[in-house]
Amino acid sequence: MKKQAVVLSMGNLNLDIYVKTDAIPRPDESVDAYETYMGGGGSAANFSVAVARLGLGSRFLGSVGNDQFGDMLIKELESEGVDTRFIKRISHEKTGTVIVIVGLDGSKRMIRYSGGANLGLTPNDITDEVMNGVSHVHVALGRTEIIEMAKRIAKSMGLTVSVDGGTPLARKGLDVIRDVMNNVDIWFMNSFEARELGHSENVVRAAENIASRVRVRELIVTLGPPRGALLLRDGEVKYSDAFKVPPVDTTGAGDTFAAAYVVASVLDLDPIDKLIFANATASLKVTRKGARSSPRLNEVVDFLESLGYAKLANEILSRLGYS
Ligand code: RIB
């Protein structure tokens with residue numbers, strides 16, 4: 001099989017503890033959960049697992065405590081084929097933990113302790129060595145000092161860069177982050193973040209406002225089901241709807257979408273095909289429990305074929321060297 005390109009992802013690695021319920025308790029009240037489950041989480045780590053399952057090489061940079069959760073999370077990533085050699089262990093801080101409340105419609109609410117050991121990742125940890133042999137760098141954090149350093153080193157090595165900074169990045173406002181985001185290749189955000197950053201309730205207008213002030217090659221706004229995502233590139237807007245699936249748990253769907261979009265970008269697919277592939281991959285994730293339930297390549301290929309996208313499925317297989 002062909003030697004695959006490697007994607008480096010940096011950011012949080014958490015333990016996610018899920019509670020499925022249709023009620024949020026008030027003070028002194030208790031409510032019943034339908035089920036509980038737990039597993040690895042953290043946007044950047046979820047992204048790494050999704051990339052590995054889609055068939056590219058995957059490396060993760062982040063920081064966990066020197067505790068049993070840290071051991072467990074690293075082993076889990078290794079079992080997925082993710083390169084964990086650069087993960088930092090911090091002895092005086094606890095591994096990040098997140099409580100995820102999942103509604104019966106698959107919606108999620110998170111209570112995060114993603115400070116602690118996650119904050120042990122500093123710009124000094126981002127080195128030429130970490131990026132050696134990598135084709136693309138993804139930063140799933142809103143910390144501008146990390147984005148800045150990752151971009152500087154990646155660009156000096158000729159690598160492409162994507163950022164999914166979430167609400168923490170959007171809350172900083174464009175005036176603060178525009179220099180940091182200039183020359184990023186792909187910027188992922190959800191519609192809430194786009195409206196906040198672009199100062200418009202109209203998502204397209206918001207995206208255009210952002211693009212008029214920051215030089216990014218591709219701006220992706222995930223719109224949530226059933227509307228999928230929009231791509232703004234070279235002043236042109238393209239859409240791809242989400243696929244209709246029974247939602248079970250949407251945790252990690254955005255991370256899976258970003259991973260699939262980056263994989264499709266590394267494979268140099270057409271913009272609309274990249275959106276379709278990312279939507280299909282994220283749609284399958286939504287039908288399963290937990291943030292790490294992203295599908296494997298063969299499942300996405302079968303799903304695309306069942307939806308009438310056999311040509312795209314074959315193109316992806318061929319670019320990965322399977323045919
Ligand atoms: O994007 C989903 C992730 O956000 C979860 O896995 C949780 O750990 C939080 O970081």
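Computed from a predicted structure; not experimentally measured. Atom set for the values below is all heavy atoms of this structure, side chains included, hydrogens, waters and symmetry mates excluded. Each ligand, and each atom within it, is numbered from 1 in the order the structure gives.
No side-chain donor from either of Tyr113 and Asn14 sits under 3.5 Å from a side-chain acceptor of the other. Side chains of Ser265 and His136: a donor-acceptor N/O pair is absent below 3.5 angstrom, by distance only.
Close approach of ligand 1 to Ala291 (heavy-atom distance below 4.0 Å) involves ligand atoms 6 (O).
Residue nearest to atom 10 (O) of ligand 1, selected from Asn12, Thr97, Asn14: Asn14 (by heavy-atom distance). Between the choices Val100, Leu13, Asn46, the shortest heavy-atom distance to atom 3 (C) of ligand 1 belongs to Asn46.
Side chain of Arg213 to backbone of Leu174: no donor-acceptor contact under 3.5 angstrom is found.
Here the protein heavy atom with the shortest distance to atom 1 (O) of ligand 1 is Asp255 OD2, 2.7 Å. In terms of protein heavy atoms, atom 9 (C) of ligand 1 is closest to Met110 SD, 3.7 Å.
Lys289 forms a cation-pi arrangement with Tyr37, by the criterion of a distance under 6.0 Å to the ring centre and an angle within 45° of the ring axis.
Ring geometry for Phe303 versus Phe243: interplanar angle over 60°, hence perpendicular rather than tilted (30 to 60°).
Using a non-hydrogen distance threshold of 4.0 Å, Asp16 registers as a contact of ligand 1. Under the 4.0 angstrom criterion for non-hydrogen atoms, Gly254 is not in contact with ligand 1.
Among the atoms of Gly42, some N or O lies under 3.5 angstrom from an N or O of ligand 1. Here's the thing with Tyr18: none of its N/O atoms is less than 3.5 angstrom from an N/O atom of ligand 1. No N or O atom of Arg112 sits closer than 3.5 Å to an N or O atom of ligand 1.
Listed by first then second residue, pairs satisfying salt bridge (Lys or Arg N to Asp or Glu O under 4.0 Å) with a partner in residues 266-278 read Glu218-Lys274, not counting sequence neighbours.
A heavy-atom distance below 4.5 Å is found between the side chains of Ile210 and Leu219.
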